[in-house]
Each structure stands twice: as C-alpha cells, then as structure tokens.
Amino acid sequence: MRLDVVTIFPEYLDPLRHALLGKAIEQGILTVGVHDLRGWATDVHKSVDDSPYGGGPGMVMKPEVWGPALDDVAAGTAEGQVLDSSLPHLAKPRHDDIEGVAARTYESGEDSDLPLLIVPTPAGQPFTQADAQAWSNEEHIVFACGRYEGIDQRVVDDAAQRYRVREVSIGDYVLIGGEVAVLVIAEAIVRLIPGVLGNRRSHEEDSFSDGLLEGPSYTKPRVWRGLEVPPVLFSGNHALVDRWRRDQALLRTQAVRPELLNHVALTPQDQAVLDSGR
Ligand code: SAM
C-alpha cells in the first residue's frame, strides 16, 4: 500500500514511521510519501489560503493550490519526502508473533488504478472500523489535510469527477488541522493489512470487529492491590472463557454504547445476559 499525505506541516506526519507502521515500511508492505502543499503555491509569499467569499471569520484553503497538488500526487509525479522507518524492527522478535502471519507483497482488492482520496473534515461521514477494513485493501490512498476553515469545496467536487473521494470525520469535535485525523485513519487502516500485526486474532477480537466493544483484559499478577483477575480466566475451559468474554463485551456495550446493539445479531443467551445486566 502507498499512502500520500498533502499538508502544510510535513513534520506532523513523522509518527507514521514509528512502531508498527515503521515495521510495515521496513517490510515493504507500506510506503508513505509526505508532500508540502506550499510547493504548489505560486505567489512570492507561498500563500495557500484566502478570505472566505460571503464574509465570516478565518481563511479558506485555495483551490488553485490544492487542485494541481492533488493531481500531481495522485498521478505519482510529485516528489515529496518518502518516510524511512524510525527504528530497525526486523531483527527484533515480536511479542505477538504467536501465529506467525507472514508479511506478503501487498495485493489490492480494487480494480481501479486511481487512488482513493480521503479528506478529513468534521463535516464528513463518521470514520468507522468498517471503513478501515475496506480501505486496508486499497493500493494507493491520498490524504488532503485541511487547515484554517478548511479547503475550498470545489477541490473535493472536482476531484470527485476523477477519483473516489471520501470526506470523513474522526469524531464530533473540531481539531486545528487534518494531520492528526490522518494519523488516526492511517493507523486504523495499516494495522489491518495482513502481516502488519503478528497475531491476526489481535484485530479479529478487537472492539467493533463483531459490532461490540471488547470486554476487559488482564495479565499477571493474579492479585494486584487486592484486586483479583476473574477466576474463569484460569479455568482452562476455552468455551467457558469465550462465553465470559462475549458476556463482558455485551454488558460493556450495553453500558457504554447501547446503540451499537441495534446492529448485532443476538442469540437468546446473549439477550438473557443483557437482560440480567439491566
Ligand atoms: N470550519 C470547519 C468546520 O466547521 O467544519 C472546521 C475546520 S478545522 C478548524 C480545520 C481542519 O481540521 C479541517 O479542514 C480538517 O482537515 C481537520 N479536522 C478538524 N476536525 C476534524 C474532525 N473531527 N475529523 C476530521 N478532520 C478534522
């Protein structure tokens, strides 16, 4: 997979070369290009924004700068900076290499050789785990990081005539710029590429994968500050442990995000657990 990010703060994207993403870069599973939008500014001040039509506070990012930038990056003709991995990871054994999922050459699930353009904006569709799953099959994703009051809407409208464009929000709050949203979205996508997580079950059992929040997790010691790990986890009975985990996931989801339960297929046993938790 190739990720390209267009931004006025290239250094903000440095975290994309650390930890698991850095390892994916080393393995050749991931390439990350970062592009300074100001490289496409044409005036002496390298300006990328202007005052909004219709008045109002703040500035809007200019279409004449964003348009050519996205065209060049999407076509692969922009130079930009390709991120190196921050650390040598390959020689180090991984704590979760239990199932030994081999890294493999990236295979796209998409027929299109045009990139997917993701535009983070608080006014977009909520970004979900289902999006991350679908986009983990993409070959090339371009991210456009807005700042100020955002990007002139015609940039998105124009791009939508040629590429697949998704305007997405990472939550109901307003950030200063799109870079942090890109870090969130990129991390959620890349960890789902086969071979990036050593143990595939790590993400198969995560929150949202089955529509539920994940229940609590415990490690050694068995008793800590007087608090005990639930005894069922020492039973050695996998069916019992699985049932306990399902029950905990159901009860936590009911307590914290009850609306998620509307989209989960519940067995009579699940329903009984939920009724007992009311
Ligand atoms: N005027 C915009 C609005 O009210 O919808 C907010 C612009 S915000 C200050 C600047 C940039 O931050 C946006 O263009 C977007 O790139 C990013 N951003 C802010 N909040 C976001 C969120 N919740 N999800 C995704 N991107 C966000």
Side-chain angles (χ1 to χ4, degrees), residues 1 3-16 21 32-41 45-74 78 80-81 83 115-136 138 140-160 163-192 207-208 256-257 259-260:
M1 174 184 283
L3 304 180
D4 281 294
V5 188
V6 186
T7 169
I8 57 169
F9 291 113
E11 61 277 17
Y12 235 101
L13 282 307
D14 193 64
L16 290 178
L21 276 75
V32 181
V34 179
H35 307 269
D36 187 346
L37 179 69
R38 291 192 198 280
W40 283 272
H45 303 296
K46 296 279 176 205
S47 58
V48 294
D49 58 310
D50 209 334
S51 53
Y53 274 131
M59 302 293 269
V60 176
M61 297 187 100
K62 290 153 72 94
E64 307 101 305
V65 183
W66 267 108
L70 290 180
D71 289 345
D72 291 349
V73 172
Q81 178 200 0
L83 298 188
L116 173 70
L117 174 62
I118 298 180
V119 184
T121 162
Q125 295 278 339
F127 172 64
T128 65
Q129 184 70 9
D131 294 326
Q133 189 70 60
W135 298 342
S136 70
E138 292 286 336
H140 185 193
I141 300 177
V142 177
F143 291 97
C145 297
R147 284 262 154 184
Y148 319 118
E149 290 308 312
I151 303 171
D152 186 306
Q153 188 61 39
R154 290 169 295 178
V155 173
V156 171
D157 297 345
D158 171 66
Y163 324 119
R164 292 159 301 131
V165 181
R166 303 285 182 272
E167 292 180 274
V168 288
S169 166
I170 62 161
D172 291 345
Y173 39 77
V174 179
L175 302 166
I176 301 171
E179 290 76 9
V180 171
V182 169
L183 297 179
V184 169
I185 297 168
E187 214 175 89
I189 293 172
V190 172
R191 72 189 286 280
L192 297 178
S207 294
F208 308 114
V256 180
R257 298 284 306 279
E259 78 283 4
L260 294 178

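One-based numbering, in listed order, for ligands and for the atoms of each.
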[X] to [Y] - nearest heavy-atom pair and separation:
X    : Y    : answer
P122 : Y173 : CB-O, 4.0 Å
P52  : G58  : CD-O, 3.2 Å
A41  : V65  : N-CG1, 3.9 Å

So if I count the atoms of ligand 1 from 1 in the order they appear, which ones are less than 4.0 Å from some heavy atom of [X]?
X    : answer
G178 : 12 (O), 16 (O), 17 (C)
A181 : 25 (C), 26 (N)
G150 : 14 (O)
G146 : 11 (C), 14 (O), 16 (O)
V168 : 25 (C)
S169 : 23 (N), 24 (N), 25 (C)

Give the residue, atom name and distance (to 0.1 Å) of the protein heavy atom nearest [atom].
atom                    : answer
atom 20 (N) of ligand 1 : L175 N, 2.9 Å
atom 23 (N) of ligand 1 : Y173 O, 2.8 Å
atom 25 (C) of ligand 1 : T121 N, 3.4 Å
atom 24 (N) of ligand 1 : I170 N, 3.0 Å
atom 3 (C) of ligand 1  : P122 CG, 3.9 Å
atom 1 (N) of ligand 1  : E149 OE1, 3.0 Å

Spell out, as yes or no, whether a donor-acceptor pair under 3.5 Å connects the side chain of [X] to the backbone of [Y].
X    : Y    : answer
R38  : K46  : yes
D131 : T128 : yes
S169 : G171 : yes

Using the rule side-chain contact (heavy atoms from CB on, under 4.5 Å), only one of D72, V73, L13 pairs with H35; which is it?
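Considering D72, V73, L13, a side-chain contact (heavy atoms from CB on, under 4.5 Å) with H35 is found only for V73.
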Which of these, V155, D50, L37, sits in a side-chain contact (heavy atoms from CB on, under 4.5 Å) with M61?
L37
Would you say the side chain of W135 lies within less than 4.5 Å of the side chain of L116, judging by non-hydrogen atoms?
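Touching, per the 4.5 Å side-chain cut-off.
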Residue-level breakdown please: for D172 versus ligand 1, do any non-hydrogen atoms fall below 4.0 Å on the side chain, on the backbone, on both, or on neither?
neither
Does P120 approach ligand 1 within less than 4.0 angstrom via side chain, backbone, both or neither, non-hydrogen atoms only?
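Near ligand 1, P120 shows its backbone as well as its side chain.
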With a 4.0 Å cut-off, strictly under, does atom 5 (O) of ligand 1 pick up any protein heavy atom?
yes
Between E179 and T7, a side-chain donor and acceptor under 3.5 Å
yes
Given R154 and D152, is the salt bridge (charged side-chain N to carboxylate O under 4.0 Å, His left out) satisfied, shown in steps?
CA-CA 6 Å; R154 290 169 295 178; D152 186 306; 2.7 Å; yes
Between C145 and ligand 1, does any nitrogen or oxygen pair lie at a separation below 3.5 Å?
no
Check for me whether Y148 has a heavy atom closer than 4.0 Å to any atom of ligand 1.
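Y148: in contact with ligand 1 (<4.0 Å).
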